[in-house]
Amino acid sequence: MKTKKRCILFFLILAMLLGAISFGMQRAAAGMKGGITGRSRSFAAVGAEPRDTLDVLVIGDSESYTSMSPMDLWKQAGITSFDCGQPGQRIQETCFLLKEAFKTQSPKLVILETNAMFRDPGFLTNLSMSIIEPVRYYFPVFRYHNLWRQILDGNTNTGRSVFKGFEIRDKVVPYEGSDLYMKETKDIQQIPEFVLSYMENIKKLCRDNDAELLLMSAPSPHNYNYKKHNAVEKYAEENDLPYIDLNMKTQEIGIDWKTDSYDKGDHLNLRGARKVTAYMCGYLTENYSLPDHRGEEGYQEWDNLSVQFFAEVDRRNTNAKK
Amino acid sequence: MSYDSLLYVALFLPLCLAAYRFAPEGWRRRVLLAAGYVFFWMLSGKLLIYLLGTTLLVHCVGIWLGWLKSEEKAAAAGVRGSERKAVKAAYQKQSRQVLMLGTAILLGILAWLKYYNFFAENMSGVLEAFHLPFTLEEKSLIMPVGISFYTLQAVGYMADVYWGKIKAETSLEKTALFLAFFPQIMEGPISRYTDVADTLFAEKPLELSNIQNGYIRILWGLFKKKIVADRLAVPVAMVFDHYTSYSGVVTAVAAVAYTVQLYMEFSGCMDIIIGSGELFGIRLPENFRQPFCAKNAAEFWRRWHITLGVWFKTYIFYPVSMSGIVKKWNQYGRKRLGRYVTMLGTSAMALLPVWLCNGLWHGARWSYIFYGLYYFTLILLGIAVQPARDRILTACRIREDSRVWRRIQITKTWVIIFVGELFFRADGFRAGLYMFRSIFEDFRIRQLWDGTLLGLGLQKSDIAAVIAGCIVAALAGMIKERGVNIRERLGESRLPVRWCAYYALILAVIIFAAYGDGYQKVDLIYAGF
């Protein structure tokens, strides 16, 4: 009995130690904003946003943060949005990133880019991710443990996410394939079982936090096809979720694959992202009652950032013309 | 799933412990065996068939040898004198043939999978040189994980049964577990049957002290692997993969860094492996004993990858030393060449196959063969100069055990080790030679502190972590070298002190290990052998 009690006490103290260090590190990470690099950046960046200021969260893999420009959305409709995506985001990360965001934000809408729903890195990696993500969530020391390096190396402000998760990528590498990459078929690509179970968690999270969930597929001839479209459409129908596949609307949006692709049709560049954002802005204002925060108290940072963003965009456009 | 992964430490091991704990009496061994096969399957999938085949073969050969032994006993009991000798000789010949058959099959599989392409490539080169119209095509052969390790264990087991050191195992389950105990599968240690049989098959119930000690050792292994070795992998790969771009101090530092990386990784993994065994009360043989305290190359190999050295000594060095040809050489040499030359010749004849095999065991590359022959030459040279060296030391009144002389010897051994590891890691023998030569070109000592090393992919923080980790590991090694068992000593200390030490180790691994953002997973080096 004495041994059992000792064991419990040992792990209790360990949990407290980890909790205390985690608390300190999370505070430090929020303070460092852009100082956090790699996969933890999205977690730290969204955690660093002023409480309850974001109305739309865009989540998913690289397709998400290369398609939606929060500054454009702000300028056009005063909607406060944030790109929380990560490169090659796994569904476990999607789920826990959302959980993390809901700690400090009360978004009215979560836009989930659907490419991440088809990512299956294999049984062992899935198992590993399913263990590590909850551990990182409850003990952020496991996520931010490398902070000491940045403090020691003195680079605490590198590559700060200045445009609410959106990076300006103006390179143009055209997509040379057919514009009709969405060839109609009745085939359905299977959504992996574990993704479906995590989708349940994501739906519940949104429900519990009074946020609507919108499934969105960003234009990407490299990643998307009709089989995936069918799968998400079926899933959306079965789960009573709205779904918008922008791959089916590229003409409406005005995507020109010769000028709007960043890397041969894998991701959109700045031009493509701005077109998609303009389209999505119309869609959002039409279908959701999202507040216009322009001119409101407490949102000056958005105006300032917007000025910086468009100045940078203009500078790049001028350089491109030269 | 490797031994340093979260999956292994935080899921696979606890699941195995739980299954072992709740398994009914008599089923614990089966739990370990099943865990071994699951582990192997996860790493090599269908190639598990090789391990199963090896197990069946070894078990049958063992029983066959055992049966021949008992038959020999029974047949010899009824006869006397020369007839008895003849009966024994006949049975021994049969036993030898059985052993040869088993060994040939196992080594044949290993040779086919591991060395065929090397043979084909070199043979084709020779044929081409002679303008012969044949080539041996290289094949895409996939090796099951740990084949180099379990094959040696299997051969050792059969030889031990043949020599009568152990009785043939009648339980297939035990033979299977001996070859497939999961902590040993990827990197050894290469156990002899007598090393592990008493604890491996004991089915001891779990004990808290074992679990505590086991996990402490696992954490210590993770400390070495994740804090030091994984960080050093970056600059080492940068220099060795682009060796023509570097020279002088940078190449020398890379050789030292690789040696430290290899030691920290391999010994760290051994800590995880031996610690994993300890969780179940199973004692696995040690593979390292402060190798950097060695005074010469021979002693280094008695402290580094000990089980491989012991295997070669037991199953190659001794049999060759006792072979007819060496005996004949001894007789001839003593009569005509004198004791010194005879001893030198005997040593060379017994050591050459050992070091050739040592080099080849690591892989099918000329640089590995060179690595083996490098140590063969150094050790033989050590034996050759021993008498002269002793005379000089006596004449100069230098005591062998004096601190200064010891330091000089250790420093000399370090240089030997670093040069050896440079060739070992280099991308082929020519690359090794190029790198070795380049050390002496453009040697600027200030590159050590002028920031050049920071251009090798490590930040200041990484270098600080590596240095701190090395200091801690060196201190622990020095204490162990004095015969102090740190874990035991810690276990005897007062609870707050003990717990503080445990927490410090756990937190050091969690905070300072090279994982997460900015780090790539580094594969286990020895798992590739």
Side-chain angles (χ1 to χ4, degrees), chain A residues 2-7 9-22 24-25 29 35-44 86-87 122-136 139-156 158-159, chain B residues 1-2 4-12 14-15 38-39 41-43 45 206-209 211-212 215-216 219 226-227 230-231 454 458-468 495-496 498-521:
Chain A
K2 198 179 162 189
T3 320
K4 261 189 192 169
K5 276 183 186 167
R6 270 192 185 176
C7 270
L9 184 65
F10 180 85
F11 285 109
L12 214 63
I13 294 174
L14 179 63
M16 280 162 62
L17 276 172
L18 290 176
I21 298 169
S22 293
M25 284 202 170
I36 309 296
T37 54
R39 305 192 73 73
S40 306
R41 195 182 66 167
S42 305
F43 283 84
Q86 293 165 294
F123 174 74
L124 283 182
T125 310
N126 274 328
L127 191 61
S128 186
M129 293 292 295
S130 301
I131 298 169
I132 193 72
E133 279 309 316
V135 171
R136 281 175 177 163
F139 296 107
V141 59
F142 286 93
R143 189 182 309 285
Y144 300 121
H145 69 101
N146 282 327
L147 266 187
W148 66 273
R149 293 179 65 215
Q150 274 138 314
I151 294 163
L152 206 68
D153 295 331
N155 51 350
T156 51
T158 55
Chain B
M1 180 172 62
S2 59
D4 62 323
S5 66
L6 178 84
L7 215 53
Y8 176 79
V9 176
L11 187 69
F12 188 78
L15 279 178
V38 169
F39 187 79
W41 176 268
M42 285 198 283
L43 294 169
L206 293 182
E207 284 176 27
L208 190 67
S209 59
I211 294 175
Q212 182 182 307
Y215 263 112
I216 293 296
L219 276 166
K226 306 297 280 186
I227 294 180
D230 284 3
R231 280 198 167 85
L454 286 173
L458 286 190
Q459 302 283 327
K460 273 185 268 173
S461 55
D462 291 314
I463 295 173
V466 166
I467 292 172
L495 188 118
R498 194 165 72 233
W499 281 20
C500 280
Y502 295 162
Y503 288 135
L505 184 59
I506 294 169
L507 293 179
V509 171
I510 292 173
I511 295 171
F512 299 115
Y515 69 96
D517 293 330
Y519 293 106
Q520 298 286 324
K521 190 186 174 328

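Chain letters run A, B, ... following the sequence lines, proteins first and then strands; every chain starts at 1.
For B:A464, the part sitting under 4.5 Å from any heavy atom of chain A is the side chain, from C-beta outward, and nothing else. Heavy atoms closer than 4.5 Å to chain B are found in both the backbone and the side chain of A:I132. B:I511 touches chain A through backbone and side chain together, each having a heavy atom under 4.5 Å away. For A:L127, the parts sitting under 4.5 Å from any heavy atom of chain B are the backbone and the side chain alike. Looking at A:L18, the atoms closer than 4.5 Å to chain B (heavy atoms on both sides) all sit in the side chain, from C-beta outward.
Of residues 502-509 of chain B, those residues with a non-hydrogen atom less than 4.5 Å from any non-hydrogen atom of chain A are, in numerical order, B:Y502, B:Y503, B:I506, B:L507.
With rounding to the nearest 0.5 angstrom, the CG atom of A:L124 is 5.5 Å from the CG atom of B:L7. Here the CG-CD1 distance, from A:L14 to B:I510, works out to 6.5 Å after rounding to the nearest 0.5 Å. A:I13 CD1 to B:C500 SG: the interatomic distance, rounded to the nearest 0.5 Å, is 9.0 Å.
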Tell me, with the steps shown, if A:F142 and B:L6 meet side chain to side chain contact (heavy atoms under 4.5 Å, CB included). CA-CA 12 Å; A:F142 286 93; B:L6 178 84; 6.0 Å; no
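For B:F39, the ring-ring contact (aromatic ring centres under 6.0 Å, His included) partners two or more places apart in sequence, or in a different chain, are B:Y3, B:Y8, B:F12.
A:D153 contributes no side-chain N or O that, together with a main-chain N or O of B:Q459, makes up a donor-acceptor pair within less than 3.5 Å.
Of the listed residues (A:W148, A:Y144, A:F139, A:F123), the greatest number of heavy-atom pairs within a distance under 4.5 Å of chain B belongs to A:W148.
Closest heavy-atom contact between A:R143 and B:D517: O-OD2, 4.3 Å.
With a 4.5 Å cut-off on side-chain heavy atoms, B:K460 and A:L152 do not count as touching. Looking at heavy atoms from C-beta onward, B:Y519 lies in side-chain contact with A:N146 at the 4.5 angstrom threshold.
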